[in-house]
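Sequence positions, counted from 1, serve as the residue numbers for this chain. Predicted model only: the values in this text are computed from it and were never measured.
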Amino acid sequence: MNPRDYYLSIIKNSNNSIQHLRRLSMAVAMLRLLVFIATVAACFIPDSALLIAVIAVCGLVIFLWLAKTSSKIDNRKAIEEAKINSSRLNIDRLDLKFDNLPEGNEHIDPSHDFAFDIDLFGKKSIFSLLASTSTTTGSRKLAEWLMHPEKVYNSVETRQEAVKELASNHSFRLEMASIGKVTSEEVNDGKHLNQTNVPDFSVGILWKMAYHTVPVLYAVMFILMAFDILPGLFIFYFFLLMLAISGLQAKRIGKLHEWLAVNVKRIACCSNLFCTIETGQFSSPVLQDLQAKVKSDTTCASLQTYRLMRIINNLDQRYNVFGYAIMNGFLLWDIRQIDNARKWMADNVAKTDDWDECIAGFDAFCALATFRFNNPRYIFPVPDKSGETIIKAEEAGHPLIAADKCVCNDIQRLSLQSFFVVTGANMAGKSTYLRTVAVNYLLALIGAPVFAKQMTFSPASLFTGLRTSDSLTDGASYFFAELSRLQQIVRRAEKGERMLVILDEILRGTNSTDKQKGSLGLVSKLIGLPVAGIIATHDLALGTLAEAYPEKVNNFRFEAEINGDNLSFSYRIMPGIAQNTNASYLMRTMGII
């Protein structure tokens, strides 16, 4: 299925549904008005108290049913609008238009092993292409996978199965995206629940006895009143007494109600999202394990969160003065709901972390699956179970470059204790090549498809040095900041950590002789450690490393072609050391020299 055609069809169908729902909503609104008018008019029927009572009750029931129907229509409209928004954002991803896409700026960390160097977050970032998540927890989960692939890369093959399965399950992904978006817009992010941060919802034994007994007492009193045994005024006084007694707990209940609204309404609103997950049919073990977190033989998260939402909605009645008086005067309503909340917390608080993990996991996997669907030419890399090949690929490209404009290059086989030295002219493609390797390797580690014709890899810690910056707050110069990162590589490798290291023009902060000596010394040291690496440089002297380590170092180059006044680039990687430079040519053509 063509992704663009699919999204355009969703937009068209959802727009049609919205038009239908608007007409239906208008009809329901008119019916509510007519029912209200008819009910009020019935009150003026002369000498027919029983008929008035029957009409009033029926009118109220119908009016409330229509109000509930109207709410359902509004929710359905919101879901259809979310489908349209999600489809438009995915079309933007197809067109590499980033203005409206999420940026994940809160995750930017210049000291991270690789995220800052490879434009993982920010405007026009890898995160923007991937983050079609609909929930805050899903977005955070996706960012966590990208920043810490070591937490998940041991299950790459099962993760690939999950992504493939969801990529073909269009209806499930669409429901997750739309329902999740509507849910996220209803409430704030809230907090994770545990036994230590849940306030005391306990209700004393006398209060429990009271809210169970009071309705029975009212029933008895009304029967006695019907037989003229008990005056009606006594029931009125009893009502006032119960209202006053319930007021003794009003302040405490108000605080507990507020806590519920702030901290757990988020999870309570997820009932429909849980229902979507629970009713799904999955063959992937990863997805089955996630589904098991919310579904068991005895209960399921959708029912429990529905219960919680009813408790919160019941407490919301206290904001209506008339409703507060009636419900508490006759039923001690607030006490009853707080006790229900206590029972819910006791039964379910320990499960909420699993429920959050389920939503976050499904949402993040759906994002990777959407990335797969949006890029049908991408492939799933093959893990090298022997661990010998760190990375090898054919026709690898960068996801942030349009496929019809991207010049794809092979990545020759890199194994531990082997290095590529890449030389070349300015703007010839060295930096893009380094980022292409790093980005595709990261995608492979988390189980996502990669922009390549074929790719083999095995897990290692990715570490880059492409965009080191000064740290003004720490008083650290550019040169010292770069040395600190290089020190991290050496120390971690000396402890036995497998690493893929990608560096661009290291030691720029010192003179050329010192830079050359330091670069040669660094590569010579890393070759003896469990490290595979690529180093891009303008220093052609680093090409001599291939002579010193013929089995471990290979030279590759990007060339610039200068024909008279014409400068051109092929952006193709070739074996050997660069022959041409273009800095002086560019300075002459720009009138600098």
Side-chain angles (χ1 to χ4, degrees), residues 3 85-153 156 159-160 162-163 166-167 173 176-177 180-181 184 189 359-375 378 381 396-403 406 431-432 434-451 461-464 466-467 469 502:
N85 183 60
S86 174
S87 297
R88 285 174 175 166
L89 291 178
N90 277 312
I91 290 175
D92 285 347
R93 290 185 174 92
L94 297 179
D95 296 333
L96 296 179
K97 295 179 179 179
F98 295 90
D99 289 344
N100 299 313
L101 298 181
E103 299 177 4
N105 291 325
E106 66 274 18
H107 304 295
I108 293 177
D109 178 9
S111 66
H112 189 267
D113 286 2
F114 54 81
F116 188 65
D117 286 342
I118 65 173
D119 300 311
L120 193 56
F121 302 105
K123 196 173 183 66
K124 299 183 180 180
S125 65
I126 298 299
F127 186 76
S128 296
L129 288 184
L130 292 173
S132 57
T133 51
S134 59
T135 66
T136 304
T137 54
S139 178
R140 282 199 298 259
K141 176 61 68 176
L142 179 62
E144 179 186 339
W145 289 348
L146 291 168
M147 297 181 74
H148 301 286
E150 71 279 1
K151 295 182 179 180
V152 297
Y153 61 47
V156 164
R159 291 173 64 82
Q160 288 180 351
V163 174
L166 289 176
R173 285 189 291 108
M176 283 290 296
K181 185 65 175 176
S184 297
D189 192 27
I359 287 180
F362 265 103
D363 199 14
F365 270 120
C366 282
L368 296 184
T370 299
F371 179 66
R372 164 64 173 145
F373 176 71
N374 289 349
N375 299 280
Y378 287 15
H398 198 295
L400 292 177
I401 302 175
C406 184
S431 296
T432 299
L434 298 186
R435 287 180 170 83
T436 296
V437 175
V439 167
N440 282 299
Y441 188 70
L442 174 60
L443 292 174
L445 290 178
I446 66 172
V450 299
F451 188 172
S461 298
L462 177 62
F463 199 103
T464 62
L466 310 178
R467 191 186 285 155
S469 60
I502 301 176

Item to check | Residues which pass ring pair (Phe, Tyr, Trp, His ring centres under 6.0 Å) with F463, listed by chain and number, not counting sequence neighbours | outcome: none
Item to check | side chain to side chain donor-acceptor pair (under 3.5 Å) partners of E103, counting only residues at least two apart | outcome: N105
Next on the checklist: Does any part of the side chain of L94, heavy atoms only, come nearer than 4.5 Å to the side chain of P3, both counted from C-beta?
Outcome noted: yes
Checklist entry - Taking the side chain as C-beta and beyond, is there a heavy-atom pair between I502 and L466 under 4.5 Å? => result yes
Checklist entry - Does a side-chain heavy-atom distance below 4.5 Å link V156 with L445? => result no
Checklist outcome for this item: With sequence neighbours left out, the residues meeting side chain to side chain donor-acceptor pair (under 3.5 Å) with K123 are D99
Checklist entry - Got a sec, which residues hit side-chain contact (heavy atoms from CB on, under 4.5 Å) with A364, two or more places apart in sequence or on another chain? => result K141, L142, W145
Checklist entry - Given side chains that start at C-beta, do those of L130 and L443 come closer than 4.5 Å, heavy atoms only? => result yes
Checklist entry - Would R159 and F365 satisfy side chain to side chain contact (heavy atoms under 4.5 Å, CB included), going step by step from the backbone distance to the final call? => result CA-CA 8 Å; R159 291 173 64 82; F365 270 120; 3.5 Å; yes
Next on the checklist: Could you report the tightest heavy-atom contact between A438 and T464, atom names first, then the distance?
Outcome noted: CB-CG2, 4.3 Å
Item to check | Residue list, side chain to side chain donor-acceptor pair (under 3.5 Å) with T133, at least two apart or on another chain | outcome: none
Checklist entry - Sequence neighbours excluded, which residues qualify as salt bridge (charged side-chain N to carboxylate O under 4.0 Å, His left out) partners of K151? => result E144
Item to check | Side-chain touch L129/F98, heavy atoms, less than 4.5 angstrom | outcome: yes
Checklist entry - Do I118 and I126 come within less than 4.5 Å of each other through their side chains, counting heavy atoms only? => result no
Next on the checklist: Test side chain to side chain contact (heavy atoms under 4.5 Å, CB included) on F116 and D109; report intermediate values, then the result.
Outcome noted: CA-CA 6 Å; F116 188 65; D109 178 9; over 6 Å; no
Item to check | Check: L462 and P149 side chains under 4.5 Å, non-hydrogen atoms | outcome: no
Item to check | For the student: nearest non-hydrogen atoms of A167 and A369, plus distance | outcome: N-CB, 3.4 Å
Item to check | Counterpart residues, ring pair (Phe, Tyr, Trp, His ring centres under 6.0 Å), relative to F127 (two or more places apart) | outcome: F121
Next on the checklist: Donor-acceptor pair, distance only, cut-off 3.5 Å: does the side chain of R435 make one with the backbone of D117?
Outcome noted: yes
Next on the checklist: Going by ring pair (Phe, Tyr, Trp, His ring centres under 6.0 Å), name the residues that satisfy it together with Y378, two or more places apart in sequence or in a different chain.
Outcome noted: F371, F451
Next on the checklist: For K124, give me all partners under salt bridge (charged side-chain N to carboxylate O under 4.0 Å, His left out), at least two apart in sequence or on another chain.
Outcome noted: none
Next on the checklist: Can you give me the closest heavy-atom contact between C406 and G397, atom names plus distance?
Outcome noted: SG-CA, 3.7 Å
Checklist entry - Under the 3.5 angstrom rule, does the side chain of R93 hit a backbone N or O of S128 as a donor-acceptor pair? => result yes
Checklist outcome for this item: For Q160 and P381, the nearest pair of non-hydrogen atoms, with its separation, is NE2-O, 3.0 Å
Next on the checklist: Among residues at least two apart in sequence or on other chains, which ones pass side-chain contact (heavy atoms from CB on, under 4.5 Å) with T370?
Outcome noted: Y7, N90, S132, R173, N374
Checklist entry - What pairs with D113 under salt bridge (charged side-chain N to carboxylate O under 4.0 Å, His left out), at least two apart in sequence or on another chain? => result R492
Next on the checklist: T436: which residues meet the side-chain contact (heavy atoms from CB on, under 4.5 Å) condition with it, sequence neighbours left out?
Outcome noted: A396, H398, T432, N440
Next on the checklist: Go through it in stages, so that I can follow the logic: the residues are I401 and L96, the test is side chain to side chain contact (heavy atoms under 4.5 Å, CB included), and I'd like the CA-CA distance, side-chain angles, deciding distance and then a yes or no.
Outcome noted: CA-CA 8 Å; I401 302 175; L96 296 179; 5.8 Å; no
